[in-house]
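Step one of this worksheet: look at the structure below.
Each chain gets a letter, A, B and so on, in the order the sequences are listed, and its residues count up from 1. All values derive from a computational prediction rather than experimental measurement.
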Number of protein chains: 2
Amino acid sequence: MNTNEGWTEVAFNGRDPVYLQVIRLFKERIATGRLQPGQQIPSRREAAAALKINLNTAQRAYKEMEEQRLIVTEGNSPSRITQDAGVLRAIRSELLGSAVGGFVAAIRNLDVPVEELLELVRREYETVRRQDDKQDKKPGIEQGRGDE
Amino acid sequence: MNTNEGWTEVAFNGRDPVYLQVIRLFKERIATGRLQPGQQIPSRREAAAALKINLNTAQRAYKEMEEQRLIVTEGNSPSRITQDAGVLRAIRSELLGSAVGGFVAAIRNLDVPVEELLELVRREYETVRRQDDKQDKKPGIEQGRGDE
DNA sequence: CAAGGTGTATGAAGGGCATAATACACGTAT
DNA sequence: ATACGTGTATTATGCCCTTCATACACCTTG
């Protein structure tokens, strides 16, 4: 019954398309080992319910994940995480690379001394990771979009 | 005639709303001193033409910049950069803070060792800034190329 | 005065995204 | 066989963003 591993308390930002955020969510789970190669993932309907999104949106995310070879589906049984080593290895570096690239692109025109920049990142990173540690304790059931 | 300081060859990403990217463009120009407090900025129509966007989109960006007190407009004369010290001071830290915050949020779930992370940022940052230097060499401004 | 440049406003059109509501074919467990 | 859960489509509605095309009031310049 409980294909739900930890899908509650997922927050979407109001700017990026939801289906892309779902894909990134899966990539993160895969990259960190929370989802293992060959492991079954929630059905489209389960995921839609758990993430509180529409079935069509979940389907769109899954469909694109299949095109990216992230997941595989045979027949009408639940989809599974790929076992393709190349794809798996690429995930983490892709997430990391696009994040770093986007960040640098965002501040490249600001003339920030590199050391100051790194210090800001370090401080924020450690702050956030401390918060994550606290969060891990409670079984929150909260969710919603971060619209402002 | 040449209210155009360097508005050509501005590239927009296909994800964020254009009017928001325009606002960020102005904020960067202000933060780095390329736009000075009190300085006149291009008219809506000029900006739209230079940035190759619609007048309405430019107007929307300008309108929101006025609500954010970034620019001021009196009567029907060209808008000018604010001289409000508080607003001016906030710009850089806002750009920097949101960039850092977004970046860390993007990689917070990846379990990346902080030193590795910082090294990636440093390398990418220096790479990109080297590219900027090359670009800065040519003072002549020819028409940029339309992307598509 | 007439012309041209301002800021400003409006309506129509289209694309992308998300949602809702069904619908169908396929398996499996009861 | 019935029921249920899969994956997969389809149609419609609505919102946001962008573009195109006008339009008006104001001021300055010729």
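In this structure, CD of Gln40(A) is placed 12 Å from C1' of dG5(D), rounded to the nearest angstrom. Rounded to an integer number of Å, the gap from CZ of Arg15(B) to C1' of dC16(D) is 18 Å. With rounding to whole Å, Tyr62(A) atom OH is found 8 Å from dG7(D) atom P. If you take CZ of Arg80(B) and P of dT6(C), they are 16 Å apart, rounded to a whole angstrom. Between Phe12(A) atom CZ and dC17(C) atom P there is a gap of 15 Å when expressed in whole angstrom units. With rounding to whole Å, Asn76(A) atom CG is found 19 Å from dA3(D) atom P. Going from atom CD of Glu46(B) over to atom P of dG5(C) covers 10 Å, rounded to whole Å.
Figure legend: Arg44(A) and Tyr62(A) shown without cation-pi pairing, the cationic atom not lying both under 6.0 angstrom from the six-membered ring centre and within 45 degrees of its axis.
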**Item:** B/S/- contact track for nucleotides 8-16 of chain C, protein heavy atom under 4.0 Å
**Value:** BBBB-----
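At the phosphate of dT19(D), OP1 or OP2 sits under 4.0 Å from a side-chain N or O atom of Thr57(B). Under 4.0 angstrom from either OP1 or OP2 of dC20(D) there lies at least one side-chain N or O belonging to Asn54(B).
Gln68(B) and Lys63(B) are not linked by any side-chain donor-acceptor pair at a separation below 3.5 angstrom, with hydrogens and angles left out of the test.
Salt bridge Asp111(B)/Arg34(A): absent, no basic N to carboxylate O contact under 4.0 Å. Under the 4.0 Å criterion applied to side-chain N and carboxylate O atoms, Arg108(A) and Asp132(B) are assigned as salt-bridge partners. A salt bridge links Glu115(A) to Arg122(B): at least one charged side-chain nitrogen sits closer than 4.0 Å to a carboxylate oxygen.
Note on residues 65-93 of chain B: no pairs pass ring pair (Phe, Tyr, Trp, His ring centres under 6.0 Å), not counting sequence neighbours.
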